[in-house]
Colleague: 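Supplied in structure tokens, the structure appears directly below.
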Amino acid sequence: MKIVYHISDNDGRASASIIYREYGVMQMMTENDFIGLDYTKPFDIPEINPEKPETWYFVDIALNIDTYHFIKTILDNGHKVIHIDHHRNNEFIETKLSNDERKLFDHVNFTCLYDIRESATILCFVYTMMDENQKKNPNMVKYEFSEKRTHFVFGDVVDDKLDDDEFEYYIPYGFRLVNDHDVHHCEYDEELAFMHGICNLPEEDQHPMSKIWVEIFRDNVRFIDKIIESGRRKLGELELIYEDLRANAQKHVFELDGERYNVICIETDMHGSSIAGKLFEEYDAYCRYNKLDDGEWSYTFYSRGEGKFLPCHKFAQKVNEKGGGHLHAAGCKSIKSLDEIIAD
């Protein structure tokens with residue numbers, strides 16, 4: 001068994017940890033069975049042995065040309081792929097692939113669960129609670145969440161009541177915080193501190209096999225509170241840096257599909273919407289950008305889920321067709337400077 005996960009954020013690591021805990025422990029997985037990818041950058045497809053077919057889980061990995069060929073290579077070698085993700089994969093399939101290429105997703109050894117509403121972490125948790133029949137076609141399975149996503153049920157909830165045959169599943173607090181941060185639900189005030197607290201840990205402690213994810217799965221509130229407190233201290237230190245960055249913020253107008261959006265722009269290699277602070281609330285989006293060593297520019301776009309907002313994934317794809325992400329958070333690279341992008 002192999003797990004391919006997005007190595008660059010907590011949603012990828014948490015997703016991989018859930019799949020590992022549910023299936024990988026019994027398979028006696030080692031660290032070598034985990035493949036951490038930053039799918040926004042070029043990568044080499046590892047050697048795949050057709051003589052030893054196994055199951056590959058892809059979690060928090062968006063479909064693009066590179067990941068499509070990775071999955072195709074696995075299937076062509078007789079292995080099985082289960083893809084659990086929350087990026088706009090259906091949009092990629094419909095607009096970027098030929099009819100022949102789309103046949104890959106009808107392959108007998110390919111299964112997927114795609115839902116842009118929630119993080120891959122929550123989707124992996126839901127998947128592990130499915131029965132064997134549901135796992136045959138998880139995209140067709142209905143599920144609904146309670147307020148603040150504390151619980152979920154399979155099927156429909158009518159008038160806030162469960163049917164007699166429905167069972168309510170509890171979602172651990174830490175996974176809800178990962179979800180809240182990754183898809184910008186804005187349901188938990190402590191989500192940002194939690195994210196920074198995890199990032200404060202040594203890199204080896206963030207690996208999907210590490211004990212922190214076990215404690216989160218166990219809903220160890222005391223452990224989670226320590227992570228949050230560590231993150232709050234880090235945020236206090238960062239706020240001093242953020243204030244200096246905001247002093248040099250630029251105000252621009254981005255155009256997309258005939259609409260004009262007021263955007264606050266800050267040049268920095270630091271990531272996160274919190275950099276913009278209260279400025280973020282006054283504009284339709286926040287753009288973070290910086291020049292890379294190879295001469296290209298890196299862009300990340302953030303928007304809020306209230307009022308008028310920039311569809312970040314669409315703007316990222318306008319800048320570079322390989323860009324993308326989520327409705328409220330997306331990114332791309334480009335040879336064009338910010339002024340050139342605005343002028344386009």
Side-chain angles (χ1 to χ4, degrees), residues 7-11 38 40-41 177-178 180-186 188-203 206 226-255 260-310 312-313 315-316 319-320 323 325-326 328-343:
I7 198 171
S8 301
D9 71 0
N10 287 323
D11 188 31
D38 181 348
T40 65
K41 301 175 182 178
L177 294 179
V178 173
D180 197 52
H181 180 80
D182 203 69
V183 291
H184 295 262
H185 282 316
C186 303
Y188 293 91
D189 293 337
E190 60 272 30
E191 51 86 9
L192 186 59
F194 181 72
M195 292 301 105
H196 279 282
I198 289 180
C199 292
N200 274 348
L201 297 169
E203 189 172 327
Q206 299 177 45
K226 287 182 179 179
I227 292 178
I228 292 172
E229 186 55 39
S230 169
R232 285 179 176 148
R233 290 194 296 270
K234 183 65 177 180
L235 282 171
E237 298 169 6
L238 290 172
E239 184 60 27
L240 298 175
I241 301 172
Y242 294 166
E243 287 180 1
D244 289 338
L245 292 172
R246 289 174 201 142
N248 296 310
Q250 305 171 29
K251 304 170 186 177
H252 291 288
V253 174
F254 289 3
E255 292 193 17
R260 293 165 63 86
Y261 299 91
N262 295 315
V263 182
I264 192 74
C265 303
I266 297 177
E267 184 172 358
T268 176
D269 60 359
M270 301 178 71
H271 291 260
S273 59
S274 56
I275 296 172
K278 290 192 177 295
L279 291 174
F280 192 29
E281 301 173 9
E282 302 170 14
Y283 292 83
D284 302 324
Y286 158 56
C287 168
R288 178 222 63 81
Y289 67 103
N290 70 294
K291 195 165 190 177
L292 303 172
D293 292 339
D294 60 8
E296 287 195 297
W297 290 86
S298 168
Y299 296 94
T300 313
F301 309 101
Y302 302 92
S303 64
R304 295 173 59 81
E306 302 168 0
K308 183 180 178 182
F309 59 82
L310 176 75
C312 295
H313 67 293
F315 195 81
V319 176
N320 184 336
H326 310 297
H328 297 295
C332 64
K333 291 171 64 177
S334 176
I335 60 172
K336 295 181 179 179
S337 68
L338 180 64
D339 289 338
E340 289 173 315
I341 287 173
I342 293 168

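A quick note: this is a predicted structure, and the numbers were derived from the prediction, not measured.
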Colleague: With side chains defined as the heavy atoms from C-beta onward, is the minimum distance between His185 and Glu191 less than 4.5 Å?
Modeller: no
Colleague: Quick one: does His196's side chain get under 4.5 Å of Lys234's, heavy atoms only?
Modeller: yes
Colleague: Keeping Asn320 on the side-chain end and Lys333 on the backbone end, is there a donor-acceptor pair under 3.5 Å?
Modeller: yes
Colleague: Mind checking side-chain contact (heavy atoms from CB on, under 4.5 Å) for His271 and listing every partner two or more places apart, or none if nothing turns up?
Modeller: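 Listed in chain order: Arg288, Thr300, Tyr302.
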Colleague: When you compare the side chain of Val178 with that of Met195, does any pair of heavy atoms fall below 4.5 Å?
Modeller: yes
Colleague: What residues, two or more places apart in sequence or in another chain, satisfy side-chain contact (heavy atoms from CB on, under 4.5 Å) together with Lys291?
Modeller: Trp297
Colleague: Using the six-membered ring wherever Trp is involved, compare the ring planes of Phe315 and Phe301 and label them parallel, tilted or perpendicular (cut-offs 30° and 60°).
Modeller: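 It falls in the perpendicular class, over 60°.
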Colleague: Looking at Cys186, is its backbone amide N or carbonyl O close enough to the side chain of Asp180 to form a donor-acceptor pair, meaning the two atoms are under 3.5 Å apart?
Modeller: yes
Colleague: Check whether more than 12 heavy atoms from other residues, nucleotides or ligands sit under 6.0 Å from atom CG of Asp294, and answer yes or no.
Modeller: yes
Colleague: Heavy atoms only: give me the nearest Leu338-Cys265 pair and the separation to one decimal.
Modeller: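 For Leu338 and Cys265, the tightest heavy-atom pair comes out as CD2-CB, 3.9 Å.
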Colleague: Output the distance between atom CG (Leu310) and atom OH (Tyr261), rounded to the nearest 0.5 Å.
Modeller: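 Separation between the atoms: 6.0 Å.
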Colleague: Nearest heavy-atom pair of Ala316 and Gly331: which atoms, and what distance?
Modeller: CB-O, 3.6 Å
Colleague: Going through the distances and angles, do Leu177 and Glu190 end up as a side-chain contact (heavy atoms from CB on, under 4.5 Å)?
Modeller: CA-CA 8 Å; Leu177 294 179; Glu190 60 272 30; 3.8 Å; yes
Colleague: For Gly323 and Cys332, which heavy atoms make the closest approach, and how far apart are they?
Modeller: CA-CB, 3.7 Å
Colleague: Strictly distance-based, threshold 3.5 Å: is any side-chain N or O of Gln206 a donor or acceptor partner for the main-chain N or O of Leu201?
Modeller: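 Indeed, once roles are kept as given, a pair shorter than 3.5 Å links the two residues.
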Colleague: Would you say that Tyr299 contacts Ser334 through its side chain, given a criterion of any heavy-atom pair below 4.5 Å between the two side chains?
Modeller: yes
Colleague: Supply the atom-to-atom distance Ile198 CD1 to Ile228 CD1, rounded to the nearest 0.5 angstrom.
Modeller: 9.5 Å
Colleague: As an exercise, state the distance from NE2 of His328 to NE2 of His184, rounded to the nearest 0.5 Å.
Modeller: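 If we round to the nearest 0.5 Å, His328:NE2 and His184:NE2 are 8.0 Å apart.
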Colleague: We want to know whether Ser230 and Asn200 form a side-chain donor-acceptor pair, criterion being a heavy-atom distance below 3.5 angstrom.
Modeller: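 A donor-acceptor contact under 3.5 Å links the two side chains.
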Colleague: Report the residue from Asn10, Leu192, Asp9 that forms a side chain to side chain contact (heavy atoms under 4.5 Å, CB included) with His181.
Modeller: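 Option passing the side chain to side chain contact (heavy atoms under 4.5 Å, CB included) with His181: Leu192.
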Colleague: Return the CD1 to CD distance between Ile264 and Glu282, rounded to the nearest 0.5 Å.
Modeller: 8.0 Å
Colleague: Taking all non-hydrogen atoms of both residues, which atom of Glu267 and which atom of Asn290 are closest, and how far apart?
Modeller: CG-CA, 4.4 Å
Colleague: Could you state the interatomic distance from CD (Gln250) to CD1 (Ile266), rounded to the nearest 0.5 Å?
Modeller: 9.5 Å
Colleague: Got a sec: does the NZ of Lys251 have more than 12 other heavy atoms crowding it under 6.0 Å?
Modeller: no
Colleague: Is the closest side-chain heavy-atom distance between Tyr289 and Ser298 below 4.5 Å?
Modeller: no
Colleague: For residues 240-248, dump all side-chain donor-acceptor pairs below 3.5 Å to protein atoms at least two apart in sequence or in another chain.
Modeller:
| residue | atom | partner | partner atom | Å |
| --- | --- | --- | --- | --- |
| Arg246 | NE | Ile275 | O | 2.6 |
| Arg246 | NH1 | Glu239 | OE2 | 2.6 |
| Arg246 | NH2 | Glu239 | OE1 | 3.3 |
| Arg246 | NH2 | Glu239 | OE2 | 3.3 |
| Arg246 | NH2 | Ser274 | O | 3.2 |
| Arg246 | NH2 | Ile275 | O | 3.3 |

Colleague: Report yes or no: does Asn262 contribute a side-chain atom to a donor-acceptor pair with the main-chain N or O of Tyr283 at less than 3.5 Å?
Modeller: no
Colleague: To the nearest 0.5 Å, what is the distance between CZ (Phe254) and CG (Asp284)?
Modeller: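 Taking CZ in Phe254 and CG in Asp284, the distance rounds to 11.0 Å.
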